[in-house]
Number of protein chains: 2
Amino acid sequence: MSTIHDDQGKGMNDPLLELSGYLLRRASAAALNELNDRLAALGLRHTDVSLLLLIRANPGITQSQAGRLLDIQRANMVPVVARLEKRGLIKRTPVDGRSRAIRLTAAGRMLAKKSFAVVQALDQDLIGRVPAKLRQAVRPILLALWQGAAE
Amino acid sequence: MSTIHDDQGKGMNDPLLELSGYLLRRASAAALNELNDRLAALGLRHTDVSLLLLIRANPGITQSQAGRLLDIQRANMVPVVARLEKRGLIKRTPVDGRSRAIRLTAAGRMLAKKSFAVVQALDQDLIGRVPAKLRQAVRPILLALWQGAAE
DNA sequence: TATTGTTATACTCTATAACTATA
DNA sequence: TATAGTTATAGAGTATAACAATA
């Protein structure tokens, strides 16, 4: 991770720092890298964890429903689900002829718990980096930036 | 773009919405998609624009310096720079035996100007989605989330 | 007709290792 | 020894089109 504070960045002029959208992207990328680093010990990536947590909160959810909530297209859900199933973290049972209900296995519940602790710890760290007076504005701002997007 | 507000999301429980890190990622992805959509008319992607704007603000910057500021590795800068050069938007001149100074061509300056207008317009739109009382907190929060990251 | 899960495919972005030529 | 630019390669994530089976 390089930032404007690097020695190598001295004397340079970075007009991108004036752009909120750029700061949003850099902050997101940094947090995502940090999350993936911390999750590596569990052999998971952020995508796996988001799906595990969603299944845990919604036992029996289908692949399509999960994909819509996570904004992952049906076609792209296939390898993610297959990987978690192969690892024995989730199981699928037919709900009708075409849909399958996804649930966590015991191993999946264990790993969901562990990964949730990691995710929550990072979230606390992220919030802790924000000056105390601004902390209560973090979630409303991020929600507004996201949910206000054209869809 | 799907969100929790979709009809298909009804009745679902999304625990990820409690996580600032997740909101950060979704907000960033949404903004990035929107930016790339708007830049498509210019035949550019967000990466191209960030480099064009950085070169415009720092004529003669080298590929490595730009990569450090943008957090793009040397190896990954090669195709980006090559594409912009092939399109006649930038030119490179040797500064010593190994480094080359990058500058915008006339066409590059024109496109940098146009793309900067697009980027600034999106930035205004983004800020406009945030409740007025919270707007002044947007940049400090994003900077804190980013620059507070371990490096 | 629309939806679910799937395959195939391609493109972008990112990561690592290794090479050359220069400093 | 370290750095700049490059090549090659692999892994994520994402996008579209198409298909079979089912609703």
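Everything quoted here is computed from the prediction, not taken from an experiment. Below, chains carry the letters A, B, ... as their sequence lines are ordered, and counting in each starts from 1.
Within the 4.0 Å cut-off from OP1 or OP2 of dA15(C), at least one side-chain nitrogen or oxygen of Gln73(B) is found. Between Thr47(A) and dA12(D), a side-chain N or O to OP1/OP2 separation shorter than 4.0 Å is absent. OP1 or OP2 of dT6(C) has at least one side-chain nitrogen or oxygen of Arg100(A) nearer than 4.0 Å. In this model, the phosphate group of dA12(D) is not approached by any side-chain N or O of His46(A) to a distance below 4.0 Å at OP1 or OP2. Note on Arg92(A): a side-chain N or O is less than 4.0 Å away from OP1 or OP2 of dT6(C). Under 4.0 angstrom from either OP1 or OP2 of dC13(C) there lies at least one side-chain N or O belonging to Arg45(B). Using a 4.0 Å cut-off, no side-chain N or O of Arg98(A) falls inside it from OP1 or OP2 of dC19(D). At dT3(C), none of the side-chain N or O atoms of Ser99(A) fall inside 4.0 Å of OP1 or OP2 (strictly under the cut-off). Phosphate proximity of dA4(D) to Arg68(B): present, with a side-chain N or O under 4.0 Å from OP1 or OP2.
We find that CE of Met77(A) is positioned 20 Å from P of dA8(C), with the value rounded to whole Å. Rounded to whole Å, atom C1' of dG13(D) lies 15 Å from atom CG of Leu35(A). Rounded to an integer number of Å, the gap from CZ of Arg74(A) to P of dA20(D) is 16 Å. Rounded to an integer number of Å, the gap from Ile90(A) CD1 to dG5(C) P is 11 Å. Atom CG in Asn36(B) sits roughly 16 Å away from atom P in dC11(C) (whole-Å rounding). A straight line from CG of Leu44(A) to P of dA12(D) spans 12 Å, rounded to a whole angstrom. Atoms CD1 (Ile72(A)) and P (dA12(D)) sit 14 Å apart, rounded to a whole Å. Distance Asp71(B) CG to dT14(C) P: 8 Å, rounded to the nearest Å.
Between Leu39(B) and Val118(B), the shortest heavy-atom distance links the atoms CD2-CG1, 3.8 Å.
At a threshold of 4.0 Å, the pair Asp125(A)-Arg38(A) counts as salt-bridged, since one of the basic side-chain nitrogens sits closer than that to a carboxylate oxygen. Comment: Arg25(B) does not engage Asp71(A) in a salt bridge, judged by the lack of any side-chain N to carboxylate O separation of less than 4.0 angstrom.
Here the side chain of Val78(B) is nearest to one of dA4(D), dA18(D), dT7(D), namely dT7(D).
Enclosure of atom NZ in Lys91(B) by more than 12 non-hydrogen atoms of other residues, nucleotides or ligands within 6.0 angstrom is indicated.
Among the heavy atoms of the strands lying under 4.0 Å from Gln63(B) are primed sugar atoms or P, OP1, OP2 only; no base atom is included.
Under a 3.5 Å cut-off, the side chain of Thr105(A) and the backbone N or O of Gly88(A) do form a donor-acceptor pair.
With DNA chain C read from its 5' end, the first of the two nearest nucleotides for Asn76(A) and Ser64(A) is the one closest to Ser64(A). When each of Asp96(A) and Val80(A) is assigned the nucleotide of DNA chain D with its nearest heavy atom, Val80(A) is the one assigned upstream, toward the 5' end. Nearest-nucleotide assignment on DNA chain C puts the 5′-proximal partner with Ala101(A), out of Pro79(B) and Ala101(A).
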(request) Begin from the C-alpha positions of Glu85(B) and Arg92(B) and carry the test salt bridge (Lys or Arg N to Asp or Glu O under 4.0 Å) through to its verdict. (result) CA-CA 8 Å; Glu85(B) 188 174 41; Arg92(B) 290 187 282 182; 2.8 Å; yes

